[in-house]
Amino acid sequence: KLATAIGIVLSMLSLLVHLFLANYSAGGITRYSLHMDDVLPFGPRPRPRRLWGSLSTLDHLHPYAKPRKIYPALDYHNGFIYAKIYGGFEKIQSSICDLVAVARLLNATLVIPEIQATTRAKGISSKFKSFSYLYDEDQFISALSSDVAIVRGLPKDLREARKKIKFPTVSPKNSATPEYYVTEVLPKLSKSKVIGIIINGGKCLQSILPATLEEFQRLRCRVAFHALKFRPEIRALGNQIVSRLRVSGRPYLAYHPGLLRDTLAFHGCAELFQDIHTELIQYRRNQMIKRGTVKEQLSVDSVSRKINGSCPLMPEEVGLLLQALGYPSTTIIYLAGSETFGGQRILIPLRAMYANLVDRTSVCSQRELSDLVGPEAPLASDMAHPPPPKTEKELVDEWKRAGPRPRPLPPPPARPYYAHEKVGWYGWIGENDTEPDPSPVEFRRQAHRLLWDALDYFVSVEADAFFPGFHNDGSGWPDYSSLIMGHRLYQTPSGITYRPDRKTISALFENVSDHRYHPPRNWTLAARQHLNNSASVEGIVKSAMLSKPVSFLAHPLPECSCRTPKSPGVQSTKDSHGRLLFGGEEECPDWMVRSLAMVSTKNNEPQNEDYDGDLPEDDSSQDTQQESDRSDMNKSSEQDEEMDPDD
């Protein structure tokens, strides 16, 4: 017993000595302390100009969408135009701008359009109806009072006639020409005084108009960037999100993945996903083939589509590209968009590289989001409910009515499906081979997605930098990222907006497929050079050749901008048809030049973000960079045989 007691005492002493040495010994042991700046940056920090600063080559451009020529108000009108708009947020935004231009072209009075995604949703807040669910009606009417006559609804007698379907309706093709409206729609309008337009594809007027209709392009800009203001609740919450993201004193980057089920099905990107997601994409693609939307086979090689640039960049690839650009791991990234196909699982690699990846649910409280939605009537859940319990008398009667005895035991009950297994678009696939029709709950979710898209659109336009995961997708429809990029190009042309070429990016990743997390130095330089060029004039022109024929709002230059008189000479760039894509802007008016000069004088005070050069974001990032440089030197002989001091 004495020996056992002595052994226990000695063991305790040994343990205490080891703990003491581990805590206070300096023999190569570094103590780790958690810095709040590593989790969420606080306090003012330097801002490298190459990551967050404005582009000097675009500082001379300024938004200016007012009419340049004589633009008198109309004294008469040929009748009323009412419209129904189907589709998501990007199609609604683009369609409304086209409708206003069509109403001006036909000298018609426009009835505020009806957004079908809100009218189909039952039980949404009675405070908002259709158009007012997203936009400010008063601002829309007053801002365009000198351009188009806009009313909230048809007169009472015409409203009754519309219910009896006495007026003609048209469904224009995608990118209809002005001649179509003048020759086909105007005679019907003049005869019936009321006509309805049904828009499904998000484009009821072609993007590029003749030179004689240049003022109609500026009218589109006035609609999109001035008249279409979100309702006050959306703007207030959007401003709160922006202020919360910048409360730490650092800028933030907005990122829209572009991972939508319809988009992935249209381009045949099913094999980039696994398990149930591949089956869901293929099911939707089969539906598109039956409707004639897709003219190809059901099964295609998704890898070749990815190499060709027809599939979106995955979040993991975006994280690696941001690292190549030099964004530290503490960068705040705002995830935009109401839908990210694949859920949180597909965002795991990006979140591992950038822990400060946030979205509206992590920046706003549930109360704030529910207040934005407004009070809603309760709906019966689309979940399967268990049968009501039977009384004892009913059980006895059922037993007596049963067959002869002895009877075999009944089969065991089926496994119950829980709520988390049936939420959203994937719940049906475990039970049926066909997707069920949307339930009332799903229609309401579609209306909510419009709100989330509008909120994220506001935050992305105000961001210090923007990175799209999928733009210029080649589908011929307006896409969410392109609208954001066009708005940023109009509002802040010199802001950082990346326009990556997915085909070039795919080729870069093919070269480092085996060691993409530890790429050679020349790969990092190549990726950085490509992304920096995409944010400059070169990237704007290259992107405009693809985006402007699809949506004018994706590239509103040079019609909706002006340049300062003392700006450097910029060479004009034209497309294959001789139309200007960049350069050739008119000079800004004198009153605008004077106001810009006053603002520039106030902003010329020395600030942290005004210096130039590649400064580290914090001490930890500097240490990390030094370690990476040392590791690159050690691995240069193994991974990059072409690397030398002159490379």
Side-chain angles (χ1 to χ4, degrees), residues 85-95 115-118 120-121 174-175 199-203 256-300 302 305-306 308-315 335-343 346 423-429 434-439 442-454 456-457 468-484 502 547 550-551 554:
I85 302 176
Y86 294 87
F89 173 82
E90 60 278 0
K91 293 183 179 180
I92 294 171
Q93 186 93 351
S94 180
S95 299
I115 300 175
Q116 295 302 298
T118 60
R120 292 185 302 177
N174 196 14
S175 299
I199 306 174
N200 290 299
K203 290 174 59 182
H256 180 246
L259 297 173
L260 307 177
R261 184 184 175 194
D262 290 345
T263 304
L264 296 168
F266 181 85
H267 294 283
C269 305
E271 295 178 5
L272 302 180
F273 295 82
Q274 296 177 352
D275 306 331
I276 189 174
H277 296 96
T278 300
E279 187 174 349
L280 286 165
I281 295 174
Q282 289 295 83
Y283 184 87
R284 180 58 56 84
R285 182 175 174 84
N286 189 31
Q287 288 180 322
M288 291 182 172
I289 292 174
K290 292 179 180 179
R291 292 197 301 262
T293 307
V294 176
K295 308 294 184 181
E296 302 172 332
Q297 297 179 352
L298 176 62
S299 299
V300 294
S302 299
R305 294 293 177 92
K306 176 77 172 177
N308 193 36
S310 298
C311 292
L313 296 174
M314 302 303 284
L335 184 69
S338 61
E339 176 188 350
T340 300
F341 191 82
I346 204 168
V423 173
W425 32 255
Y426 54 84
W428 58 271
I429 204 165
T434 58
E435 187 171 3
D437 295 331
S439 63
E442 181 60 27
F443 280 130
R444 180 176 288 186
R445 293 195 190 106
Q446 292 177 7
H448 291 174
R449 292 190 193 108
L450 295 181
L451 289 177
W452 312 144
D453 281 333
D456 292 346
Y457 182 93
F470 200 36
H471 70 291
N472 292 341
D473 55 4
S475 63
W477 306 322
D479 64 90
Y480 188 83
S481 293
S482 294
L483 289 184
I484 294 175
R502 294 184 298 277
S547 62
V550 176
S551 175

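Computed from a prediction, not measured in an experiment: that's the story for all the values here. All heavy atoms count here, side chains included; hydrogens, waters and symmetry mates do not.
Heavy-atom minimum distance, Ile346 versus Leu259: CD1-CD1, 4.0 Å. Minimum heavy-atom separation, Asp262 to Met288: O-CE, 3.3 Å. Nearest heavy atom pair, residue Leu483 against residue Ser551, reads CD2-OG, 4.0 Å. The two residues Leu298 and Arg285 have their closest heavy-atom pair at O-NE, 3.0 Å. For the pair Gly87 and Ile92, the tightest heavy-atom approach, listed with the atom from each and the gap, is O-CD1, 3.8 Å. Across all their heavy atoms, Pro312 and Lys306 have their closest contact at O-NZ, 2.7 Å.
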Residue pair Gln287, Arg284: steps toward the side chain to side chain donor-acceptor pair (under 3.5 Å) verdict: CA-CA 5 Å; Gln287 288 180 322; Arg284 180 58 56 84; 3.1 Å; yes
Under the side-chain contact (heavy atoms from CB on, under 4.5 Å) criterion, do Phe341 and Phe273 qualify, and how do the steps go? CA-CA 10 Å; Phe341 191 82; Phe273 295 82; 3.9 Å; yes
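Side-chain atoms of Arg261 never come within 3.5 Å of backbone atoms of Thr340 as a donor-acceptor pair (strictly under, hydrogens ignored). Panel note: side chain Asp473, backbone Ser475; a donor-acceptor pair is recorded below 3.5 Å. Proximity of a side-chain donor or acceptor of Asp453 to a complementary backbone N or O of Ser338 within less than 3.5 Å is detected. Under the 3.5 Å distance criterion, the side-chain polar atoms of Thr278 are matched with a main-chain donor or acceptor of Ala270. Remark: side-chain polar atoms of Ser302 are not paired, donor with acceptor, to backbone N or O of Leu272 under 3.5 angstrom. Of the possible donor and acceptor atoms, none in the side chain of Ser94 sits under 3.5 Å from a partner among the backbone N and O of Pro478.
A distance of 4.0 Å separates NE2 in His267 from CZ in Phe470, rounded to the nearest 0.5 Å. Rounding to the nearest 0.5 angstrom, the gap separating the CD atom in Gln282 from the CG atom in Leu264 is 11.0 Å. In this structure, SG in Cys269 is found 14.5 Å from NE2 in His277, a value given to the nearest 0.5 Å. In this structure, CD in Glu90 is found 9.5 Å from CD1 in Ile484, a value given to the nearest 0.5 Å. Atom CD1 of residue Ile276 and atom CD1 of residue Ile281 lie 11.0 Å apart, to the nearest 0.5 angstrom. With rounding to the nearest 0.5 angstrom, the CG atom of Leu451 is 12.0 Å from the CZ atom of Arg449.
Aromatic ring orientation, Phe266 versus Trp477: tilted (interplanar angle from 30° to 60°). The aromatic rings of Tyr480 and His256 lie tilted to each other, with the angle between the two planes from 30° to 60°.
By the 4.5 Å heavy-atom criterion applied to side chains, Arg305 and Val300 are counted as neighbours.
Listed by chain and number, the residues in a salt bridge (charged side-chain N to carboxylate O under 4.0 Å, His left out) with Asp479 amount to none (sequence neighbours excluded). Evaluation of the salt bridge (charged side-chain N to carboxylate O under 4.0 Å, His left out) rule for Arg502 yields no partner, not counting sequence neighbours.
Between Arg445 and Glu339 there is no salt bridge, since no side-chain nitrogen of the basic residue lies less than 4.0 Å from a carboxylate oxygen of the acidic one.
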